[in-house]
*Asks:* 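Once you've had a glance at the structure underneath, I'll fire off some questions.
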Amino acid sequence: MRPPSPRTLLALAAPIVLLVIVALVGQATSISTQQYFLQALIMVTIVIGLYVFSGNSGVISLGHISFVAIGAFMAGLLTVPT
């Protein structure tokens, strides 16, 4: 297996650097704005996960969305006071 080209590494590093910058800027804001940044980063993670699967295989799968929905439902249940 040959090592990736510098162009491929740059294409992979650019989104990671952008996400780190967004996370650092989000940490410097108020708590309510941090919630928006956190929600945006979670949505970006979901979109990237869907894009990696659908983009590489060409198959549209709703399995990823169901796992996200189950996780969100459980997080909601576990954060509600008893």
Side-chain angles (χ1 to χ4, degrees):
M1 184 169 169
R2 60 177 213 206
S5 69
R7 185 174 181 185
T8 303
L9 292 176
L10 180 65
L12 291 174
I16 293 171
V17 170
L18 182 62
L19 284 175
V20 169
I21 290 172
V22 168
L24 291 175
V25 169
Q27 289 295 323
T29 61
S30 67
I31 292 176
S32 62
T33 307
Q34 285 180 4
Q35 293 296 320
Y36 289 121
F37 274 93
L38 182 63
Q39 188 175 15
L41 289 173
I42 290 171
M43 288 183 193
V44 165
T45 304
I46 294 168
V47 168
I48 289 172
L50 285 171
Y51 182 73
V52 166
F53 181 77
S54 298
N56 288 333
S57 68
V59 176
I60 297 175
S61 170
L62 299 178
H64 291 84
I65 297 299
S66 63
F67 281 123
V68 170
I70 290 169
F73 182 73
M74 288 305 297
L77 282 179
L78 294 173
T79 57
V80 173
T82 55

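Side chains are part of it too, since the values below use all heavy atoms of this structure and drop only hydrogens, waters and symmetry mates.
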*Asks:* Who pairs with Val68 by side-chain contact (heavy atoms from CB on, under 4.5 Å), at least two apart in sequence or on another chain?
*Replies:*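 Partners of Val68 under the side-chain contact (heavy atoms from CB on, under 4.5 Å) test: Ile46.
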*Asks:* In a table with atom names and distances, give each donor-acceptor pair under 3.5 Å that connects a side chain of residues 69-80 to protein atoms at least two apart or in another chain.
*Replies:*
from  : atom 1 : to    : atom 2 : distance (Å)
Thr79 : OG1    : Ala75 : O      : 2.9
Thr79 : OG1    : Gly76 : O      : 3.2

*Asks:* Do Ile21 and Val44 belong together in a cluster built from hydrophobic side chains that touch within less than 4.5 Å?
*Replies:* yes
*Asks:* Identify, with sequence neighbours excluded, every residue that meets side chain to side chain donor-acceptor pair (under 3.5 Å) alongside Ser66.
*Replies:*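 Side chain to side chain donor-acceptor pair (under 3.5 Å) check on Ser66 returns nothing, list empty.
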*Asks:* Using every non-hydrogen atom in the two residues, find where Gln27 and Gln34 come nearest and quote the distance to one decimal.
*Replies:* O-NE2, 3.3 Å
*Asks:* Taking only residues two or more places apart in sequence or in another chain, which ones pass side-chain contact (heavy atoms from CB on, under 4.5 Å) with Ser32?
*Replies:*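 So Ser32 forms a side-chain contact (heavy atoms from CB on, under 4.5 Å) with Ser30.
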*Asks:* Is it possible for you to say whether Leu24 and Leu38 belong to one hydrophobic cluster, with membership spreading through side-chain heavy-atom contacts below 4.5 Å?
*Replies:* no
*Asks:* Applying side-chain contact (heavy atoms from CB on, under 4.5 Å), can you list everything that pairs with Leu10, at least two apart in sequence or on another chain?
*Replies:*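 For Leu10 there are no side-chain contact (heavy atoms from CB on, under 4.5 Å) partners, ignoring immediate neighbours.
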*Asks:* What about Tyr36 and Met43, same hydrophobic cluster or not, with Ile/Leu/Val/Met/Phe/Trp/Tyr joined at side-chain heavy-atom distances under 4.5 Å?
*Replies:* no
*Asks:* Looking at residues at least two apart in the chain, or sitting in another chain, which of them share a side chain to side chain donor-acceptor pair (under 3.5 Å) with Thr29?
*Replies:*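 Result, side chain to side chain donor-acceptor pair (under 3.5 Å) vs Thr29: none returned.
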